[in-house]
Structure formats: structure tokens, C-alpha cells
Amino acid sequence: MRKKRILKAIKFTGLIYISIYIIISGLYFVKFITTPILISSIYAGILTCINFIIALFLFEYSFKKSNKIFLIFNFGGLGLRLLFLVIAIFIIIKFLIIDKYAFILTFFLFYFIFLSIEIIYLHKNKTREINFN
């Protein structure tokens, strides 16, 4: 059941991800956006996608565990994921030749889309045993 839920969430996310990149690719082919903007959006999309998949796996791993383990994995994982994202963003902006504004805009677009999906996923799968030990 857990694998089915996580695969369904990843498929749904992949569908959104591919849909957005079809639109971005279409804009690129009609010369509305340039190559650096396309590359920037690809880096931003990959970074947020990795962040989202890590969040799903942390939630699924801690789902039937005690409350302490659940909070450590989800809130501690959130802190580590945000630290990873900040470091990765600074490295990408500093060392890669990309359009910084397109990267940031696409990053925030994908981040908030994936964050919304993550919240919906957590809300739909919130039924778990409460253990007060």
C-alpha cells in the first residue's frame, strides 16, 4: 500500500513536471525564451523534484513509527532539505552560467507547486496510529 501511494504521488508529480516542461519547450522552439533560460529552468526543476522525492520517502519511512521518530524525520528532514536547497542554489548561481532570474523564478514556481502537492499528500495520508509513548 505504501509503495502504491508513493508511486501514485510520483506519477502525478511527474505529470505536472512534464506538462510544465512541454510548455517551456514549446516557448523555446518558438524562440520566446533563450537557451540559458531553458537550461536554468531545467536545473531548477531537477533540484525541486529531488527535494520533493526526498520528502515523500521521509514521510513514508516514518509513517507508522512513533511520534518522536515521525517528527524527527519530517521536521528534521525539512531542515536538512532546506539547507541542501540553499547550498545547491548558491552553488548553481555562483558556478554555472545560467540566467539567474529565470532560475529563481522557475525554482519558486516548482517549489510551491511541489510544496502544495506535498501538503495534499500529507493531508490525505494523515490517518495513522497515535502513540503517546
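When reading the values below, keep in mind they use all heavy atoms of this one structure, side chains included, and skip hydrogens, waters and symmetry mates.
- Taking the side chain as every heavy atom from C-beta outward, Ile54 and Ile50 approach each other to under 4.5 Å.
- Between Thr34 and Leu38, the closest side-chain pair of non-hydrogen atoms is not below 4.5 Å.
- For the pair Ser40 and Ile37, the minimum side-chain heavy-atom distance is 4.5 Å or more.
- To the nearest 0.5 Å, atoms CD1 (Ile117) and CG (Leu56) are separated by 9.0 Å.
- Minimum interatomic distance between Asn74 and Ser62 (heavy atoms only, all atoms of both residues): ND2-OG, 3.0 Å.
- Leu105 and Ile33 fall into different hydrophobic clusters, defined by Ile, Leu, Val, Met, Phe, Trp and Tyr side-chain heavy atoms under 4.5 Å apart, directly or through other members.
- Side-chain heavy atoms closer than 4.5 Å link hydrophobic residues (I, L, V, M, F, W, Y) into clusters, and following such links, possibly through other members, connects Ile104 to Leu82.
- Two rings, from Phe73 and Tyr61, have their centers less than 6.0 Å apart.
- Note that CD1 of Ile46 and CZ of Phe107 are 13.0 Å apart. Values are rounded to the nearest 0.5 Å.
- Outside the 6.0 Å centre-distance limit, the rings of Tyr28 and Phe32 are not counted as a close aromatic pair.
- Annotation: the span from Ile87 atom CD1 to Phe90 atom CZ amounts to 9.5 Å, rounded to 0.5 Å.
- Two different hydrophobic clusters hold Ile18 and Tyr43 under the rule that ILVMFWY side chains link at heavy-atom gaps under 4.5 Å.
- Taking hydrophobic clusters as Ile, Leu, Val, Met, Phe, Trp and Tyr residues chained together by side-chain heavy-atom distances below 4.5 Å, Phe29 shares a cluster with Ile24.
- The OG1 atom of Thr13 sits 9.5 Å away from the CD atom of Glu118 when rounded to the nearest 0.5 Å.
- Phe12 and Leu109 fall within the same hydrophobic cluster, where Ile, Leu, Val, Met, Phe, Trp and Tyr residues are linked whenever their side-chain heavy atoms come under 4.5 Å apart, directly or through other members.
- Phe110 is not listed as a side-chain neighbour of Ser41, based on a closest heavy-atom distance of 4.5 Å or more.
- Counting only heavy atoms from C-beta outward, the side chains of Ser116 and Ile119 never approach each other to under 4.5 Å.
- Heavy atoms only, all atoms of each residue included: Asn51 and Leu85 are closest at ND2-CD1, 3.5 Å.
- With hydrogens and angles disregarded, no donor-acceptor distance shorter than 3.5 Å links the side chain of Thr106 to the backbone of Phe103.
- Within 6.0 Å of CZ in Phe114 there are more than 12 heavy atoms belonging to other residues, nucleotides or ligands.
- In this structure, CG in Leu71 is found 12.0 Å from CG in Leu78, a value given to the nearest 0.5 Å.
- Residues Tyr17 and Ile42 come closest through the heavy atom pair OH-O, 4.3 Å.
- A ring-ring contact (aromatic ring centres under 6.0 Å, His included) with Tyr121 holds for exactly one of Phe59, Phe57, Phe52; it is Phe59.
- Here the straight-line distance linking atom CD1 of Ile91 with atom CG of Leu47 works out to 10.0 Å at 0.5 Å rounding.
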